[in-house]
Each structure stands twice: as structure tokens, then as C-alpha cells.
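Here the structure comes first, spelled out in C-alpha cells, and everything after it is commentary.
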Amino acid sequence: MIYWLTYVVILCFCNDSPLLLYLRARLAMTSTPSFIIIAIDGGAASGKSSTSKILAERFNLLHVDTGSFYRHITHELLRRGVLPTNLAALTLALTELNFTTQLQGRSAQLMIGGQPADHEIRGQNVNEHVSHYAAIPAVRQKLLGYQRGQVAVAQQHGFRGLVMEGRDIGSVIFPAADYRFFLHADPIERAKRRAREGQLDSIAERDRLDSSRKASPLVSPTGAIAIDSTFLTLEQVVEKMAAMIEKKLS
Ligand code: DC
């Protein structure tokens, strides 16, 4: 009997015993939380970036600001002198743009031809043009697979999930995201936020263009959780979202 017991113990605890492997796998499944995707959409200066960054830090997520991708492409096309009205030249230029990703802290940076975006993507020139380029289906198509590919980037770098912000994340990019939020705020309050950041940005005009375009317009997707941040502090918005995420995670 004692021999049998010794044999079973050895079987269970020797390094590659099937039982131990099975137990290890079960433990890994219960202790490794599944990958989560959080989509945050909303108009210009609605607070998407600030909330996304805090949520990324809190839940160990990759932060993906898709507005910065559209801005970088716009800046590059303007630099090449390719106008949004010249579809043939634009389509050709898009085929020449090679996208890769570099991490800056927790944030995914789009590299075009190995080059990161510079501060000019937040300048007045890009502010004025970005909605016109973002309305072109070929531009959106070029970014579609790249944006979805950020899941693999997040997984490769050991993040627990990703939080992606933009205009069409909950409606087109990740319609089955675990959490879909839509942030809005009074336009006057949003204009004040931009002015406090020292930026010249006609947010009302950008919102008009982004909401009225045919390709993936800015919409609050059905089933998304809408949050009006007009009278809320950044902390209050974050706490609202985090409470919902934690409730579902626990
Ligand atoms: O988030 P932002 O203001 O930096 O975005 C700049 C522009 O990019 C915005 O006016 C519209 C476009 N955009 C888009 O069309 N789709 C996205 N998912 C993100 C941004």
C-alpha cells in the first residue's frame, strides 16, 4: 500500500506529470483574467483621452488613441502635398504608407515608414484638415486592420486588454467590445477645455463633419453606455466607468 501511495505522489508531483500539467493549466486559466476590450467614442474634447489613459493605468491596458492615427496620416499626406480631393493620388500615397507600432509607456504610437508622429499633429493645420481625410473610405480602410491588430500588440506586451478611443470604435472597429462607452459634453464646455489646453480647434465644425460623413460616422452605438461629462470632473467620469468595469470583472 505504501508503495502505491508513494507512486501516486510521485505521479502527481514529478515535474511533467499529466496531473500536475493539468492542475497548472487549470490554475493558469483561473488566475489569468481574460483579455478585455474597452471602446470609448465621443466628439472632440469630450474627455476620451484623459479617461482612457487613467483606465489604462488602472487596469493594465494598452492605450490606443485612434485620433492620433488619423492625425499622423493627415500630417503625412499634407507633407506630401496629397489633397483629399485628389482621390487617385491619395489612393496611391496610401499604398506607400508602411505602418508599424511602437509603445510609448502604455500608449500605442503609429509609426509611418518607421517615423513617429511629431507635435505638429496637434497643431492648427492638422486640426483643420483631419476630418476631411478621415471622411475618405480608403483612409479608414487602411487603418481598419491596423487598429484591430492592436489586440495582438497588447497581448505580445503582456497587457490585460486594451482601451481604444475614437469615433467608430464601438460601432465599427470593436462592436463586440466588452465595454462600450460614449462620452459627450456641452459644446461650449468642450471649447473651453480646448482653449485651456492652448489649442486652436474648431471642434463644432469637426464634430459636424465627423457626424455627417457617410463612412463610419461619429455615432453613439446602440447598446453603448452614454455618459454626459458636462458637469462632471475627470475623476467622476473615470470612477463611473471603473465602477462598471470592476462590477463586471468581479
Ligand atoms: O480624437 P481626435 O480629436 O484627436 O481625432 C481627430 C480626428 O480624427 C477627428 O476629428 C475625426 C478623426 N477620427 C475618426 O474619424 N475616427 C476615429 N476613430 C478617430 C478619429
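Note: hydrogens, waters and symmetry copies are ignored here, and every other heavy atom, side chains too, is used. No experiment lies behind these values; they were computed from the predicted model shown. Every number for a ligand or one of its atoms is a count from 1 in the order of the listing.
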Glu197 meets the side-chain contact (heavy atoms from CB on, under 4.5 Å) criterion, sequence neighbours left out, with Arg194, Gln199

**Message:** Tell me whether Lys142 forms a cation-pi arrangement with Phe69, defined as NZ or CZ under 6.0 Å from the six-membered ring centre and within 45 degrees of its axis.
**Reply:** no

Which label fits Phe159 and His157: parallel for a plane angle under 30°, tilted from 30 to 60°, or perpendicular past 60°? tilted

Protein neighbours of ligand 1 with a heavy atom under 4.0 Å, given by chain and number, are Lys48, Thr66, Gly67, Tyr70, Arg71, Arg122, Val130, Ser131, Ala134, Arg140, Gly166, Arg167, Asp168, Ile169, Arg206, Asp210, Arg213

To the nearest 0.5 Å, atom CG of Asp41 lies from atom OG1 of Thr66 at 7.5 Å

Say whether Tyr70 and Ser131, considering side chains only, have a donor N or O and an acceptor N or O under 3.5 Å apart. no

Any side-chain donor near an acceptor of the partner, Ser50 and Arg193, under 3.5 Å: no

